[in-house]
J.: 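Once you've had a glance at the structure underneath, I'll fire off some questions.
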There are 6 protein chains.
Amino acid sequence: MMDELERFRRYRERMNKRILSSKNLGIKRFFALDSQAYEKGILPVKTKELLGLVASTVLRCNDCITYHVIRCVQEDVSDEEFFEAFNVALVVGGSITIPHIRRAVDTIDQCRMKRAKGQSFEI
Amino acid sequence: MMDELERFRRYRERMNKRILSSKNLGIKRFFALDSQAYEKGILPVKTKELLGLVASTVLRCNDCITYHVIRCVQEDVSDEEFFEAFNVALVVGGSITIPHIRRAVDTIDQCRMKRAKGQSFEI
Amino acid sequence: MMDELERFRRYRERMNKRILSSKNLGIKRFFALDSQAYEKGILPVKTKELLGLVASTVLRCNDCITYHVIRCVQEDVSDEEFFEAFNVALVVGGSITIPHIRRAVDTIDQCRMKRAKGQSFEI
Amino acid sequence: MMDELERFRRYRERMNKRILSSKNLGIKRFFALDSQAYEKGILPVKTKELLGLVASTVLRCNDCITYHVIRCVQEDVSDEEFFEAFNVALVVGGSITIPHIRRAVDTIDQCRMKRAKGQSFEI
Amino acid sequence: MMDELERFRRYRERMNKRILSSKNLGIKRFFALDSQAYEKGILPVKTKELLGLVASTVLRCNDCITYHVIRCVQEDVSDEEFFEAFNVALVVGGSITIPHIRRAVDTIDQCRMKRAKGQSFEI
Amino acid sequence: MMDELERFRRYRERMNKRILSSKNLGIKRFFALDSQAYEKGILPVKTKELLGLVASTVLRCNDCITYHVIRCVQEDVSDEEFFEAFNVALVVGGSITIPHIRRAVDTIDQCRMKRAKGQSFEI
């Protein structure tokens, strides 16, 4: 049976492929810019992923949150760091972000569990 | 079989417990402030819950809407009152709120049905 | 010299007239629906104006907030009631609403001052 | 077995009926205005549906996107036109719109498949 | 004396220059993508500018609205077309967009007046 | 003559004092939580201020951006770091954030100029 993370990963991969198979050059370039924004610069990758996570949380986009949670776990963000970042998001964005923080914490736990079992959770 | 409301209630309870078990004091205090904002003051609880419901509707957060709908039903908000509040939300927030109003009305009906059957729907 | 409230009132009036002078029937009807949403129903006008104020605050629209603050002052909303409503907006919408709450409180004070001097502040 | 589009259509129809059966005149009138906004005027229906689609995408409302995608397919919007519209939405609204564009493209494909099989996908 | 449109044009130009003088390649590329999204494709420039205008209106960004209004006037969008586009934005985005539509219509009138006087209003 | 930053500082200070002089305990506690969220924890103050800045930018709140820009300059965030953070905000939030990034960069320059002249710009 496919779990939630795996279903997310496959749907995202399949639809990204479909979108990038279109002839629209603007969209392709945007997807490239999107990846590049999180690459190592003067700010470390981990900080950039936390920026992406907080931005996604205050804008309340579950799929974006899931993506950045996975990347943050890969970058070894600790629970304490996650919760400090969520606290900023919560204070800035208000209680309206709480349902998304619930989902985010659930995703963190699913990633850690998969890692503990030696299963892949990467994206 | 578990219905939608029950699934929502359990997930919310389980994840809130998980979040509050973290050591982050800021998040705990925010959750406390969140509850206190709807307690009886100079404005009655019912009015405050309607404020929370309309705020959640224009911000288009289904889980927040579900929460405030349940609380409003507990506070004996009538259908007529609900629809007047939704009308304000609809006019302020536009047609983009309609899918959320559909879900909200569905939730009202589920709550009333459970109450009619003597089942708990409280949160 | 024209104060801020007066400038707002005149600009709003002039541009509404300009917009309603267009032949677009849909826009005219929307403006009518907008007014009707706050008329006395099963919920009192005061409650509806508070709903409009909180909705405008979490959506962070200064002009909409100014409008509903003026209407609330006309409906004799007290400071204590205003702050309870802002507290709900603040908790739901987060610190991002604070600059708008500052402006709203400033507007309340300007309305009360005008009323104290026997000047019109109505809209 | 009922597919996603059919489930959406039925839920929308059932809940709209429920909402419009309420006595709230404001909501009924809003629903009428909503339909009229997309009727042929000086702008063609196809352009108006594209405006609705882009507005729904930047506001990130999946159900609204599904509705306008279906209508656009009915109006014979081509893939190339869809992707140019999504490109505008993506640039204006940012990567936060990507999960919604994935869903939108999936819906386009489902509509085209139904049409190819001679099945109804209309709303 | 400098008018509002001219002040907007200069500030925008000065700050864009300042931003693009930074070494950040991602931002430069984004600015390029932004311009390209509105270039002639299968959809005409006028339609794309209307898409940009409606997207900016429902997202309630005055500067973005000003930019697209100017571009639409350059593309000979008529008043009737403008109001049909605003009607879609108003219905989708709600009364919260009204203050922005007021500003937009004011900007249209300023552009037309400048054009009538043979003054440049281009961006 | 008072500059923009000084006007912002004074208005913010005066209105915060006015708001906190109300008897509403919830609002007072929220203001305390807001400050605490950016205090040193496992994440450094600088990272938290960047999180606040990016959150404010994607939510497009000029006053919040001004506040976090000032705090970031105090924490010695370099231009290169600022632009990498803005790039994340721009990619996540789209071109709709550009007018706010213009204002933010303007504010950075004003802070640096004041610091160079030995003038206070702190908040």
Side-chain angles (χ1 to χ4, degrees), chain D residues 26-27 29-65 67-68 71-72 75-98 100-101 104, chain E residues 26-27 29-65 67-68 71-72 75-98 100-101 104:
Chain D
I27 294 181
R29 283 177 179 153
F30 192 102
F31 273 61
L33 278 191
D34 186 14
S35 306
Q36 291 156 13
Y38 301 97
E39 285 171 7
K40 199 192 159 342
I42 188 148
L43 295 175
V45 170
K46 188 167 133 178
T47 303
K48 288 186 167 182
E49 285 297 337
L50 285 171
L51 293 175
L53 178 60
V54 166
S56 303
T57 306
V58 298
L59 289 176
R60 302 180 286 120
C61 171
N62 278 333
D63 281 3
C64 312
I65 293 171
Y67 175 82
H68 289 294
R71 288 287 302 113
C72 283
E75 297 297 322
D76 292 317
V77 171
S78 70
D79 262 34
E80 216 172 332
E81 290 169 320
F82 266 124
F83 280 103
E84 288 193 3
F86 289 140
N87 189 26
V88 170
L90 179 59
V91 164
V92 173
S95 69
I96 212 84
T97 64
I98 292 179
H100 303 274
I101 293 176
Chain E
I27 294 181
R29 284 179 180 149
F30 192 103
F31 274 62
L33 278 191
D34 187 14
S35 306
Q36 290 156 14
Y38 302 97
E39 285 171 7
K40 196 189 160 342
I42 189 150
L43 295 174
V45 170
K46 187 167 134 177
T47 302
K48 288 186 167 182
E49 286 296 339
L50 285 172
L51 293 175
L53 178 60
V54 166
S56 302
T57 305
V58 297
L59 288 177
R60 301 182 284 120
C61 172
N62 278 333
D63 281 3
C64 312
I65 293 171
Y67 175 82
H68 288 294
R71 288 288 301 113
C72 282
E75 297 296 323
D76 292 318
V77 170
S78 69
D79 262 35
E80 215 171 332
E81 289 170 319
F82 266 125
F83 280 104
E84 288 194 3
F86 289 141
N87 189 26
V88 170
L90 179 59
V91 164
V92 174
S95 68
I96 214 83
T97 65
I98 292 179
H100 303 273
I101 292 175

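Just so we're clear, the structure is a prediction, and the values are computed from it rather than from any experiment. Residue numbering restarts at 1 for every chain, and letters A, B, ... go by the order of the sequence lines.
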J.: To the closest 0.5 Å, what do you measure between CD (D:Glu49) and OG1 (D:Thr47)?
T.: 10.0 Å
J.: Out of D:Val92, D:Leu43, D:Val88, which one racks up the most heavy-atom pairs below 4.5 Å with chain E?
T.: D:Leu43
J.: At a heavy-atom distance under 4.5 Å, which candidate from D:Val54, D:Val58, D:Leu50, D:Ile42 has the highest pair count against chain E?
T.: D:Ile42
J.: Quick check on D:Ala89 against chain E: is it the side chain, the backbone, both or neither that has a heavy atom closer than 4.5 Å?
T.: neither
J.: Where is the tightest heavy-atom contact between E:His68 and E:Ser56, given as atom of each residue plus distance?
T.: CD2-OG, 3.3 Å
J.: If you measure from CG on D:Leu53 to CG on E:Leu51, what distance do you get to the nearest 0.5 Å?
T.: 9.0 Å
J.: If you take all heavy atoms of D:Glu39 and D:Lys48, which pair is closest and at what distance?
T.: O-NZ, 2.8 Å
J.: Between D:Glu81 and D:Glu84, is a side chain to side chain contact (heavy atoms under 4.5 Å, CB included) present by the stated rule, with each step listed?
T.: CA-CA 5 Å; D:Glu81 290 169 320; D:Glu84 288 193 3; 5.8 Å; no
J.: Please determine, among D:Asn87, D:Leu59, D:Leu90, the option with the most heavy-atom pairs under 4.5 Å with chain E.
T.: D:Leu59
J.: Taking side chain as everything from C-beta outward and backbone as N, CA, C, O, which of these in D:Tyr38 sits under 4.5 Å from a heavy atom of chain E? Side chain, backbone, both or neither.
T.: side chain
